[in-house]
Amino acid sequence: MTLAYIFLAKFYNIILFISNDPHEKKDTLLSVEPGLLIWTIIIFFLLLLILKKYAWGPLLKSLNDREQGIKDSVEKAEYLKQEAEKILAQNKAVLAKADEDSRRIITEGKELAEKLRNEMMNKTNEDTTRMINQAKSEIEREKIAALNSLKDEIANLAVQAAGKIIDENLDAQKQRKIIDGFINKIPQN
Amino acid sequence: MTILTAFIQEHAPGDSTLVEKVQEDGNWIMHHISDKPVLTIPPIHIGGFTLDLSISMKILMLMVAAVLMVFIFSYAASSNRKKKHPTGLGNFMEMMMVFVRDDIVKPSMGHGSEKFMPFFFTMFFFILFVNLISLIPGMSTGTSSISVTAGLALITFFMTQLHGIKHNGFIGYFKGLIPPGVPIFVLPIMIIIEFLGLLTKPFALAIRLFANMTAGHIVIYALIGLIFMLGYAVIPVSIGFSLFIYVLEILVAVLQAYIFTMLSALFIGMAVHQDH
């Protein structure tokens, strides 16, 4: 019980802020002292002024600068990333086009080579055939010419021989006519 | 007190030492809680009003906190300005500032809080420093005086009215205090209620901070006082509980600075943006 009284007394004393000493200055916890209040306000505003100039201003500035810097960097990185992706896509497109081009060129080259080859082959064949034909016709012509000259020679020889044999009985022109006709009856070959 | 003394005498007659002890112990705590003069300045008489501007222990604590803040924050500012990435104290203080800005003021106040930031930084850190200094043994608690907290609450009160009037106009501000769509016949009551509301807000601020900062100290003193009242057997209990309360007071110191700043931001924000 006594313990409870002691506690009660203690808190009673404090809660109601009663000073037991009548000589003590009457400042209880809940009495507002204007001096203290004014000092608080003065200190607060002085502190506000000083700190605003020397601390909050620079600190907020560096903070905002840094935040802005980070924001800018992120945005720039984003932009660069997009740019890089764009370039990559472009490069891919160019590469694909080059690839396609090279393939096309190779195909075209192959085709051209094939065509050329065929052309050459045809031309060569043609030439050869033509040359063979030419040679053949030449030979034929030469042969005919040779035969003709041979005929003439034989005719002459025959005429001479016949002249020698018959002597003057026959004139040369008549004889020749007869022999030419004879020779022509000889088969060509 | 006399009633209680009589009560004790009635239930425990003859134990006069107990009565003395009770009175003495009460005074002992009061002595530690109350203010002590440090530098006496003769009172100034303005009309019939006496203004005592003597520097007491609590004012000294406020000054110590203020000087400490100036040193710490100007050091932080100069250290942060030099480096690209803040480190150490500058980094910590910046983190606290970001906390105050983004988690206390901005959510409570909404847009347009940027120009009030120095004010709220000063308020938060001033209360925090004063509260934390009070936890150092041998120091006094600045914020456990109703005069100091009333001073801080008055600053919030005047800031609220000033910026409310500045932003909405004199008539617009007081008109905006009454919620729209109120019937005519309740208007007189509403005017009284809203006017009282203006005054109770800073009053509640002052009492909350004062009571929270005083209570913890009183409990610690009471727990220590138990040792002398009940003997040395209670030392472990007393010390244990004191330590617990002491750690709790660290939390309370931060929490009260947070609450005071948040409510100040809320009141000023409400006065500035009356439409919502």
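Protein chains get the first letters and strands the later ones, always in sequence-line order, with residue 1 at the start of each. Note that the structure is a prediction, hence the values are computed from the model and not measured.
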Open item on the list: Between Met97(B) and chain A, with a heavy-atom cut-off of 4.5 Å, which part of the residue counts as in contact: side chain, backbone, both or neither?
Closed with: side chain

Task: Pairwise side-chain contact, Lys58(B) with Trp39(A), heavy-atom cut-off 4.5 Å (strictly under) - done: no

Task: Option that, when pairs with chain B are counted at under 4.5 Å, heavy atom only, ranks first among Phe44(A), Tyr54(A), Phe45(A) - done: Phe44(A)

- [ ] Name all pairs fulfilling the salt bridge (Lys or Arg N to Asp or Glu O under 4.0 Å) condition that reach into residues 87-101 of chain B, sequence neighbours left out, sorted by first residue then second.
- [x] Arg66(A)-Glu94(B), Glu67(A)-Arg101(B)

Open item on the list: Between Pro118(B), Ala76(B), Ser56(B), who has the most heavy-atom pairs with chain A when the cutoff is under 4.5 Å?
Closed with: Pro118(B)

TODO: Using non-hydrogen atoms and a 4.5 Å limit, figure out which bit of Leu51(A) sits close to chain B: side chain, backbone, both or neither.
DONE: side chain

- [ ] Using the test side chain to side chain contact (heavy atoms under 4.5 Å, CB included), find all partners of Met96(B) that sit at least two apart in sequence or belong to another chain.
- [x] Phe92(B), Phe124(B), Phe125(B), Leu128(B)

- [ ] Enumerate by number any residue of residues 68-104 of chain A whose heavy atoms lie under 4.5 Å from heavy atoms of chain B; in the absence of such residues, state 'none'.
- [x] none

Task: Nearest-0.5 Å distance that lies between atom CE in Met117(B) and atom CG in Leu60(A) - done: 8.0 Å

Open item on the list: What's the separation between atom OG1 in Thr40(A) and atom CD1 in Ile59(B), rounded to the nearest 0.5 Å?
Closed with: 6.5 Å

TODO: Check each atom of Ile155(B) against the heavy atoms of chain A and say whether the ones under 4.5 Å are side chain, backbone, both or neither.
DONE: side chain

Task: Straight-line distance of Met69(B) CE to Leu47(A) CG, nearest 0.5 Å - done: 4.5 Å

- [ ] First locate atom CE of Met93(B), then atom CG of Leu63(A), and finally report the distance between them rounded to the nearest 0.5 Å.
- [x] 14.5 Å

Task: Ile72(B) portion near chain A, given a 4.5 angstrom heavy-atom threshold - done: neither

TODO: Can you measure from CG (Leu36(A)) to CD1 (Ile55(B)) and round to the nearest 0.5 angstrom?
DONE: 11.0 Å

TODO: Below 4.5 Å from any heavy atom of chain B, which atoms of Ile43(A) appear? Answer side chain, backbone, both or neither.
DONE: side chain

Task: Pairs involving residues 44-61 of chain A, ordered by first then second residue, that meet salt bridge (Lys or Arg N to Asp or Glu O under 4.0 Å) (sequence neighbours left out) - done: Lys61(A)-Asp65(A)

Open item on the list: With a 4.5 Å cut-off on side-chain heavy atoms, are Asn80(B) and Pro58(A) touching?
Closed with: no

